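Quick notes on the structure that follows.
Residue numbers run from 1 in the order of the sequence given. For clarity, every value in this text was computed on a predicted model and none was experimentally measured.
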Amino acid sequence: MNSLLDLEKLDAQVRHADLIKEIRRHDEAYYQQDAPTVSDAEYDKLRKELEDIESKYPDLITKDSPTQSVGAAPSKGFKKVKHTIPMLSLSNVFSEEEVEDFLTRIRRFLGLAEDEPIEIVAEPKIDGLSCSLRYENRKLVQAATRGDGTEGEDITANVKTIKDVPQTLPDDAPDILEVRGEIYMARADFTTLNSAQEAAGKPVFANPRNAAAGSVRQLDPKITAQRPLKFFGYALGQVSAPFGQTHFEIREKLAKWGIPETSFKLCSSLQNITDHYEEILKTRTDLDYDIDGVVYKVNRLDYQERLGFVSRSPRWATAHKFPAEQAITRLKAIDIQVGRTGALTPVARLEPITVGGVVVSNATLHNEDEIKRKDVRVGDYVVIQRAGDVIPQVVKVLEEKREGNLPEYEFPDHCPACGSLAIREGDDVVTRCTGGLICPAQAAQRLKHFVSRLAFDIEGLGAKIIEQFYEEGLIQSPADIFKLEERNAALETPIREREGWGELSEKNLFDSIRARQKIAFNRFIYALGIRQVGEATAKRLAATYGDLQNLKTMMAAAQNHESEAYAELLNIEDIGPAVADDLLGFFAEEHNRAVLKDLEDLLEIAPYQAPQIGDSPVAGKTVVFTGALTTMTRPEAKASAEKHGAKVAGSVSKKTDYVVAGQDAGSKLKKAKDLNIEVLSEEEWNALISG
Ligand code: IVH
C-alpha cells in the first residue's frame, strides 16, 4: 500500500516539474514576447493541474512554482518609448495674484506692453494620468505614458481597449499627429468598479485617479478592457503639418476629428480668467469626473513657441489649483524621519481620516520651529490639509479641544537612526544628523534616490527592496548595485529563492541593472543626491562641464573662491553661493570622491549631449548678452540661445565664445575686445542661430 502511494507520488513529482517548465515557457511567451503559445483555456487547465497536484502533495510546492508568484505572472513590464517631443508637466498657481504674476511674466518675456491683452484658453485640469496617442496616416499606432517626460511606457494594447479613443481619424487629419491628453475614470464608473472589486474580495481603489492608473498599468490588456476608462485630449505632440494658429483652433479641430474633449474657454483679461475659474470651482461637483484645478494656456501658438520651457514646464501654461481640503483628526505620535541629506523631518502620525477622497494617516510637521510655533503636542486634535499631490500638512492645533495636560514636544538632539548628534547650523531651520555616511538612514535614502526615476531609474529595485538589501549588507553604497549580480552568485540564499522572487524576476532585475550601466552625465550628477542639486541644476552642470573628469577637475579648482573656476561656477544660472557651497562641500569630502571613483570603474557615463541642436553652429558655445536688445527681451534671448544648445553666461571671460552687443553696451563689450572675443550684433546673432 505504502509503496503504491510512493509510486503515485513519484509520478506526481515528475509531472509537477514538467508542468512548471511548461507554464513558465508560456508565461514568457505571453508577457515578454507578447506572443501567446497556448489558448487561455489550455493555459488555465495546466495551472489547474498544477494546483491539484500541489494540494494533494503540499511538500512539492517550491518557492518558484508559478502558483506561488504574487499577482500576475512575473514580467519585465512595458516596453519603453522615447517621446518625440518631451511630455511636460505644469507649474502651479494658487491665487489671483499668482495668476496676475503669470500674465506679467509672459508679457515681460515677450516684451509686450503692460496693458496689452493676452488671450488665454482656460480648461479644466483633469485628475487622471497623461498619455500620448500617436496617429500615423490617421491610424492609432502607439500610446505611451509620460514616464520621466523623455521616455514613457508603451501602453498601446491597453489604450486600444478604451472606447473613447478613436482608432482612426478622418481624411483631413495630418499624416503624423500626436494627441496628448488624460486617461481618467468617471466617478460613477469608479463607484461601480469598487463595489465589484469588494464583492469579489479584491482590493478597492482609493480614488478614481488610482483606479485609472492601476487599470492602465495592467500587463494584461484583457483586464484593462473590462475597466471603464475614458480619455480627454488637450494638447499636441509631434505633427507633420500645422493645422491652426491658436490653441483654440487646435482644440476645435481635435473635437471635430472625434477626440473627446473637455470644455475650453477663451479669456482675454485677468477678470475674465478669474470669473471663469470661480465658475468652474462652483460647478465642479456637477461634472462626472474629478478635476483638481483650471489650466491656463496662451492662445497664440507663435507666442507659445517663443515662450518655450523652463526646466520641466512650459512658460506658456500654468495650472490654477483648487484650494486645499481640510479635516480634523487626532495626532497619535510624532516620528522623526531622516532624509538622504541628514535632515530630521518630524512626521505626524494621525488617526486615519479621509480628506478629499484620500485616506491620510501621515502629515508633515516640517521642522522644529514649526512645531513650536503651532505648539503641536502628541494627543492634540489637529487640522490637516491636502492640496493636489502635495504631502498633507498639519495646519494648526485645536487648543480648545486639548484634553488635560499634554507635555510640550521636545525635538530630539540626536539622530534616531544612528545616534549621532543632530544640530542646527547658523540660521538653518533644519536639524541635521552629523553622522554622514555612517548613518544608515542617510545611506539608505541616498540609495533610494540613486535608483529613483529621474536618476538611474532601475526597474525592480524600488525603495522597499533597497531598504531590505541595505539592511542585509548586500547594497551599502551605489557601486554595490552594480556588483549585486556577482555577489548574488556567492550567496547561500540567492535572490531568486527569496519570498516574492523567482528566477525570472531575478533575471529581470539584473537585466535592468546592466541596462543602466551606461548613463547620461546629467542623470549621473542628479543621482549623487547633492544637496540643492535637483534635476535642472544637474542638467546645467552637465552642460557646463561636459563630462565627469572635467567636473571633478573644475570642482577641485573652484574650492579656491578667488579662482576663475569658482567664478565660472557662479556664472551658471540658478547657482548662487549657497548651492556652490553644497556642491564644493560634496567634492571636498574624501568619501564622496571614493564613491565617484568606484562608480567610474563600473559605469559608462556618457558625456553631456545638448538636446536636438546637434547641428546648430552655437551648440556648446558660451555666449554673453550685453546692452539693450531690440528684437527680443533678455530672457527670450537667453532661452532661445539655450534652446540651440548654447550656454549663456553673465560675465565675459576667456571661455566666452561670443558677445552679443546691443545698444549702449559698456564694460562687457570692452572686455570682449580686450580678450579678442568675437562680438556680434543682435542681427548677426539671430542669423547665426537660424542657420
Ligand atoms: S497641458 C505642455 N492641459 O496635468 C502642456 N495638462 O500637472 C502639458 N493635465 O502632465 C499639459 N488636465 O497630465 C494640460 N487640460 C490640461 C490638463 C493637463 C490635466 C495634467 C497632465 C499634466 C499634468 C501637470
Any side-chain heavy atom of F469 sitting closer than 4.5 Å to one from D480? no

Does either side chain, that of E506 or that of N488, offer a donor lying less than 3.5 Å from an acceptor on the other one? yes

Would you check if Y608 and T544 make a side-chain contact, meaning some heavy-atom pair closer than 4.5 Å? no

Nearest heavy-atom neighbours spanning A348 and L331: CB-CD1, 3.4 Å

ring-ring contact (aromatic ring centres under 6.0 Å, His included) filter on F482, not counting sequence neighbours, yields F456

Can you find a pair of side-chain heavy atoms, one from I572 and one from L569, that are under 4.5 Å apart? yes

Between the side chains of R523 and D148, is the shortest nitrogen-to-carboxylate-oxygen separation below 4.0 Å, so that they form an ion pair? yes

Could you tell me whether D154 and K80 have a side-chain N and a carboxylate O separated by less than 4.0 Å? no

Any non-hydrogen side-chain atom of I575 less than 4.5 Å from a side-chain atom of L541? yes

Could you list the residues that satisfy ring-ring contact (aromatic ring centres under 6.0 Å, His included) with H16, not counting sequence neighbours? none

d(I336 CD1, C433 SG) to nearest 0.5 Å is 12.0 Å

Please walk me through it: do N367 and I371 pass side-chain contact (heavy atoms from CB on, under 4.5 Å)? CA-CA 7 Å; N367 54 53; I371 298 183; over 6 Å; no

Can you tell me how far apart CD1 (I475) and CD (E467) are? Round to the nearest 0.5 Å. 12.5 Å

Give a yes or no on whether the backbone of F510 and the side-chain of E485 come within a donor-acceptor separation of less than 3.5 Å. no

Determine, stepwise, if the pair L461 / I466 fulfils side-chain contact (heavy atoms from CB on, under 4.5 Å). CA-CA 6 Å; L461 203 56; I466 280 278; 4.0 Å; yes

Return the minimal non-hydrogen interatomic distance between A212 and L129, and the atom names on each side. C-CD2, 3.8 Å

Exactly one candidate in I334, V347, D335 meets side-chain contact (heavy atoms from CB on, under 4.5 Å) with L365; the answer is I334

Y545 backbone acceptor or donor facing N550 side chain under 3.5 Å: yes

Heavy atoms, side chains only, cut-off 4.5 Å: are T145 and F78 in contact? no

Does atom CD (Q517) have a neighbourhood of more than 12 heavy atoms from anything else shown, all under 6.0 Å? yes

Parallel, tilted or perpendicular: ring planes of Y409 versus F411, cut at 30 and 60 degrees: perpendicular

If we only count heavy atoms from C-beta on, is the P346 to H366 side-chain gap below 4.5 Å? no

R146/E153 salt bridge by N-O under 4.0 Å criterion: no

Nearest heavy-atom contact between R424 and V429 is NH2-CA, 3.7 Å

Take a 6.0 Å sphere around CZ of R217 and say whether it holds more than 12 heavy atoms from other residues, nucleotides or ligands. no

Does D11 come within less than 4.0 Å of R15, counting only side-chain N to carboxylate O? no

Whether the side chain of D413 engages the backbone of I423 through a donor-acceptor N/O pair (distance < 3.5 Å, no angle test) should be reported. no

Got a list of side-chain donor-acceptor pairs under 3.5 Å for residues 595-604, not counting sequence neighbours?
| from | atom 1 | to | atom 2 | distance (Å) |
| --- | --- | --- | --- | --- |
| K597 | NZ | D601 | OD1 | 3.2 |
| K597 | NZ | D601 | OD2 | 3.1 |
| E600 | OE1 | K552 | NZ | 2.6 |

The residue among S452, S477, P478 that forms side-chain contact (heavy atoms from CB on, under 4.5 Å) with L447 is P478

What distance do I495 atom CD1 and Q468 atom CD have between them, rounded to the nearest 0.5 Å? 9.5 Å

Do the non-hydrogen side-chain atoms of V579 and D574 ever get within less than 4.5 Å of each other? no

Carefully, step by step, assess T364 and V394 under the rule side-chain contact (heavy atoms from CB on, under 4.5 Å). CA-CA 7 Å; T364 176; V394 173; over 6 Å; no

CD (E368) and OG1 (T345) are apart, to the nearest 0.5 Å, by 12.5 Å

Do R209 side-chain atoms and G128 backbone N/O form a donor-acceptor pair below 3.5 Å? yes

Counting distance only, does the side-chain N/O of S505 pair as donor-acceptor with the main-chain N or O of W501 below 3.5 Å? no

Do side-chain atoms of H83 reach the backbone of S132 as a donor and acceptor pair under 3.5 angstrom? no

Heavy-atom distance under 4.5 Å between the side chains of E151 and V81, does that happen here? no

Taking the side chain from T329 and the backbone from L350, do they hold a donor-acceptor pair closer than 3.5 Å? no

Expected output: side-chain R432 to main-chain L344 donor-acceptor under 3.5 Å: no

Gap separating the CZ atom of R487 from the CD1 atom of I481, nearest 0.5 angstrom: 10.5 Å

Once you round to the nearest 0.5 Å, how far does CD of Q13 lie from CG of L60? 5.5 Å

Show the nearest heavy-atom pair for residues P494 and L491, with the distance to one decimal. CD-O, 3.8 Å

Which atoms form the tightest heavy-atom contact between P352 and V359, and what is the distance? CB-CG1, 4.0 Å

Which atom pair, heavy atoms only, marks the closest approach of G342 to Q442? CA-CD, 3.4 Å

Take M87 and S130 through the test side-chain contact (heavy atoms from CB on, under 4.5 Å) and record every step on the way to the result. CA-CA 9 Å; M87 284 181 82; S130 43; 4.1 Å; yes

Any donor and acceptor pair, going by atom type alone, linking the side chain of E459 with main-chain N or O of S512 inside 3.5 Å? no

Is it the case that more than 12 heavy atoms not belonging to K332 sit under 6.0 Å from its NZ atom? yes

Less than 4.0 Å between a side-chain N and a carboxylate O, is that true for R593 and E590? yes

State plainly whether the residues D52 and K48 are in salt-bridge range, i.e. N to O under 4.0 Å. yes

Salt-bridge test for R498 and E472: reply yes if a basic N is under 4.0 Å from a carboxylate O, no otherwise. yes

